[in-house]
Participant: 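Below is the structure I would like to discuss, written out as structure tokens.
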Amino acid sequence: MERKKFVLLDIDYITENNAAVVRLFGKLVGENGNRSIIAKDKSFKPYIYVLPHDIETCITELEDLNIQKVEKVKKQDVGVLKEFLKLTLKHPQDVPKLREKIWSLDSVDAVREHDIPFYRRYLIDKGLFPMSEIQVEGKSLNSNFTSEEDPYIFEIIGDPQPLESGLPELKVLSFDIEACNPKGMPQEKEDPIIMISVSSNQGLRKVYSTKTSSFDFVEVLNDEKELLEKFVEVVKSENPDLITGYNTDVFDFPYIRDRAALLGVTLDLGVDGSEIKFMRRGFANSAVIKGRVHVDLYPSMRRFLQLDRYTLERVYMEIFDKEKKDIDGEEINACWENGGERLEELFEYSLDDAVAVTKIGSEMLPLSMALTRLVGQPLFDIARMATGQQVEWYLIRKAFEYGDIVPNKPSNSQIANRRKIEGGYVKDPVKGLHKNIVYFDFRSLYPSIIISKNVSPDTRVDDCDEENCYIAPEVGYKFLKEPVGFVPSVIGDVLQERVRVKTRMKETSDPHEKHVLDVQQEALKRVANTMYGVYGFIRFRWYCLECADSITAWGREFIKNTMKESEELGFKPIYADTDGFYATYLGSSDEDREYS
DNA sequence: AGCCCACGGGG
DNA sequence: GTGTACGTGGGCT
């Protein structure tokens with residue numbers, strides 16, 4: 001029996017001998033070098049829940065299906081304890097194959113938790129959080145005959161153990177490609193890749209190109225094929241934990257894929273030697289490299305920053321308040337064709353893009369990593385999820401911890417029938433240019449309403465006397481005062497944890513630790529402040545129109561009262577929306593204030 | 001007012 | 001892969 005400790009970077013599953021094998025990808029800690037590990041777990045089995053109409057008949061009817069195990073279990077379903085059947089299946093892909101058939105049985109009322117991807121189920125059930133350290137016991141499958149550069153292949157015996165650990169220091173490789181076309185955007189069928197720039201958070205700065213330069217950082221390759229092969233070689237030898245870029249899901253990686261296919265280059269960038277894959281994720285595609293986390297910073301920036309445009313230049317300016325070297329897309333072709341000074345400039349620009357991505361990554365990845373450690377799903381997914389989805393997966397994990405059954409994802413017809421909520425209070429702005437503006441911030445208002453009024457799908461009742469419930473103004477929906485609802489309880493945990501983190505922040509004098517804790521409390525704040533959104537977003541599992549309407553009703557009442565009170569204190573409200581209101585102060589002070 | 005469609009980023 | 005989907009703004013009818 002051996003023991004290995006590693007930072008959990010990513011997870012997936014493969015099929016071996018018709019059975020699912022979960023693979024945990026990581027970087028070993030407490031050992032020399034920069035060595036990857038792939039730890040396999042054969043023991044985890046997929047399962048779903050069935051809500052039977054008639055439990056004994058149901059068990060009989062299920063016998064004919066290809067199910068490994070049927071157990072009776074009690075779970076909370078929207079506040080009601082019910083008896084479910086837990087069906088253990090033989091393979092994750094049996095779930096989509098069998099669920100319709102099971103649902104159509106006369107003895108079955110509903111199938112639940114049939115839409116949770118297997119690797120996510122594993123992370124939740126085992127209590128594991130990517131971007132933190134875990135320890136596994138088991139045996140090595142390849143220690144005797146591999147070189148230092150190959151990943152350690154390991155078979156897990158027993159459960160992996162989560163370890164207390166800070167934010168890991170990871171190796172991040174950023175890259176950017178250039179290609180050009182005299183008429184506009186380069187076309188992958190015609191236009192070759194002319195340079196690939198790479199940069200790392202450990203100081204690497206290189207441009208690979210098919211033309212020469214007087215710059216030391218430029219290395220010349222004979223042709224485009226060699227250029228692509230060089231890129232693959234660099235990724236393998238650097239062995240980064242993260243690969244970042246800007247719009248790499250949609251532009252750089254697909255372009256590299258198409259050129260590589262044309263030139264016969266194998267893009268075996270994965271830690272396990274696998275080739276890069278492309279996944280359709282909603283309306284966007286994403287590039288998957290097994291064992292390394294490919295983070296396209298573009299979608300993350302759209303969530304973290306509130307801008308009119310999200311070009312790399314604009315984002316860089318916003319974060320660093322500095323201009324980034326930029327060449328107009330239409331000039332790139334001329335720079336390349338004409339050579340000379342302009343070509344040298346292009347080399348600089350190309351490297352600068354890769355370096356800018358590294359810098360933006362150093363600034364923003366800690367927040368994505370903190371969210372990953374909080375939500376408990378892979379960074380790859382977190383970096384591409386809307387905040388509402390992040391919250392949903394956080395709630396799914398909490399539901400597991402609380403012994404609650406997770407609501408199903410709404411079907412398309414259910415979504416079509418769901419109504420969007422009436423927004424918060426909006427006061428039309430007073431026209432004009434105002435001085436001495438103060439902002440009263442209410443973004444933390446909704447979490448506190450959810451907690452103080454116990455707003456949750458499982459506490460909502462139609463009939464209840466005033467003593468035992470809270471009644472929302474205007475809309476009149478009722479919520480039991482006791483017991484504490486699922487969502488209020490989770491938000492309570494989040495806010496409490498945030499207080500604990502902020503306290504630790506004050507106690508520490510180490511600036512690095514302070515920063516890490518600050519990012520952690522920021523992640524907790526984001527999740528808490530987005531939590532109310534799950535009620536009002538039509539495609540969410542915990543959608544509850546009555547809850548959403550009640551929260552905004554209480555919010556409007558509170559905003560109006562606060563505006564009235566502020567007027568008595570000498571403020572004049574100018575404009576209000578859901579998140580807060582602007583007012584001018586008629587006194588002389590123009591200092592910024594925040595009210596919550 | 002309601003529907004359809006394109007766009008975002010990237011060179 | 002226990003996949004599959006966003007929000008918005010403009011033009012047109």
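Every chain is numbered from 1, with letters handed out A, B, ... down the list of sequences.
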Participant: Starting the side chain at C-beta, find the nucleotide from dG9(B), dG3(C), dG10(B) nearest to Lys409(A).
Facilitator: dG3(C)
Participant: Determine the contact category for Met301(A): base if any of its heavy atoms lies under 4.0 Å from a base atom, sugar-phosphate if only primed atoms, P, OP1 or OP2 are that close, otherwise nothing.
Facilitator: nothing
Participant: For Ile327(A), report the nucleic acid contact type (base, sugar-phosphate, nothing); a contact means any heavy atom under 4.0 Å.
Facilitator: nothing
Participant: Assess the side chains of Asp125(A) and Tyr47(A): does a donor N or O sit below 3.5 Å from an acceptor N or O?
Facilitator: yes
Participant: Measure CE/Met185(A) against P/dG8(B) and give the value in whole Å, please.
Facilitator: 10 Å
Participant: Return the nearest nucleotide to the side chain of Tyr13(A); candidates are dG11(B), dT2(C), dG8(B).
Facilitator: dT2(C)
Participant: What about the rings of Tyr119(A) and Tyr13(A), do their centers lie closer together than 6.0 Å?
Facilitator: no
Participant: Going by the angle between their ring planes, with limits at 30° and 60°, are Phe231(A) and Phe253(A) parallel, tilted or perpendicular?
Facilitator: tilted
Participant: Classify the ring geometry between Phe320(A) and Tyr316(A) as parallel (under 30°), tilted (30 to 60°) or perpendicular (over 60°).
Facilitator: tilted
Participant: Report the residue from Ile396(A), Asn408(A), Ile405(A) that forms a side chain to side chain contact (heavy atoms under 4.5 Å, CB included) with Glu113(A).
Facilitator: Ile405(A)
Participant: Check Lys40(A), Arg23(A), Lys277(A) against Asp272(A) for a salt bridge (Lys or Arg N to Asp or Glu O under 4.0 Å) and give me the one that passes.
Facilitator: Arg23(A)
Participant: Out of dT2(C), dG10(B), dG1(C), which has the shortest distance to the side chain of Arg121(A)?
Facilitator: dT2(C)
Participant: After noting the C-alpha distance and the side-chain angles of Glu188(A) and Arg259(A), does the key distance pass the salt bridge (Lys or Arg N to Asp or Glu O under 4.0 Å) rule?
Facilitator: CA-CA 6 Å; Glu188(A) 50 282 341; Arg259(A) 296 304 300 177; over 6 Å; no
Participant: Look at all strands and tell whether Asp176(A) reaches a base, only sugar-phosphate, or nothing, counting heavy atoms closer than 4.0 Å.
Facilitator: sugar-phosphate
Participant: Check every atom of dG3(C), dG10(B), dG11(B) against the side chain of Glu313(A) and return the nucleotide holding the closest atom.
Facilitator: dG10(B)
Participant: Check every strand shown and say whether Arg309(A) touches a base, only sugar-phosphate, or nothing at a heavy-atom separation below 4.0 Å.
Facilitator: sugar-phosphate
Participant: Distance check, C1' atoms only: dA5(C) and dG8(B), in whole angstrom units.
Facilitator: 15 Å
Participant: Take atom CD1 of Ile124(A) and atom C1' of dT2(C), then tell me their distance rounded to the nearest Å.
Facilitator: 12 Å
Participant: Tell me yes or no: between the side chains of Thr387(A) and Gln390(A), is some donor less than 3.5 Å from an acceptor?
Facilitator: no
Participant: Between dG10(B) and dG3(C), how far apart are the C1' atoms? Round to whole Å, please.
Facilitator: 26 Å
Participant: Any base atoms under 4.0 Å from Ile116(A), or only sugar-phosphate, or nothing? Heavy atoms, all strands.
Facilitator: base
Participant: To the nearest Å, give me how far apart CZ (Arg539(A)) and P (dA5(C)) are.
Facilitator: 6 Å
Participant: Using atom C1' of each nucleotide, how far apart are dC6(C) and dG9(B) to the nearest Å?
Facilitator: 15 Å
Participant: Check the distance between dT2(C)'s P and Phe44(A)'s CZ and give it to me in whole angstrom.
Facilitator: 12 Å
Participant: Using whole Å, report how far CD of Gln93(A) lies from P of dT2(C).
Facilitator: 7 Å
Participant: Atom CD1 of Ile360(A) and atom P of dG9(B): how far apart are they, to the nearest Å?
Facilitator: 13 Å
Participant: Check the pair Arg302(A) / Tyr298(A) against side-chain hydrogen bond (donor to acceptor under 3.5 Å, both in side chains), numbers first and verdict last.
Facilitator: CA-CA 6 Å; Arg302(A) 290 199 69 120; Tyr298(A) 167 63; 2.7 Å; yes
Participant: Using whole Å, what does the distance between atom P of nucleotide dG1(C) and atom CG of Leu98(A) come to?
Facilitator: 20 Å
Participant: Should Arg280(A) be listed as having a side-chain N or O under 4.0 Å from OP1 or OP2 of dA5(C)?
Facilitator: no
Participant: With heavy atoms under 4.0 Å as the rule, sort Leu89(A) into base, sugar-phosphate or nothing.
Facilitator: nothing
Participant: What's Pro186(A) touching, base or sugar-phosphate or nothing? Going by heavy atoms closer than 4.0 Å.
Facilitator: base
Participant: Using whole Å, what does the distance between atom P of nucleotide dG9(B) and atom CG of Asn285(A) come to?
Facilitator: 17 Å
Participant: Arg99(A) has a side chain; which of dG1(C), dT2(C), dG11(B) sits nearest to it?
Facilitator: dT2(C)
Participant: Check DNA chain B against residues 337-359 of chain A and give the residues with a non-hydrogen atom under 4.0 Å, in numerical order.
Facilitator: Tyr349(A), Asp353(A)
Participant: Between dG9(B), dT2(C), dG11(B), spot the one nearest the side chain of Arg302(A), thanks.
Facilitator: dG9(B)
Participant: dG9(B), dG3(C), dT4(C): which one has an atom nearest the side-chain heavy atoms of Asp115(A)?
Facilitator: dG3(C)
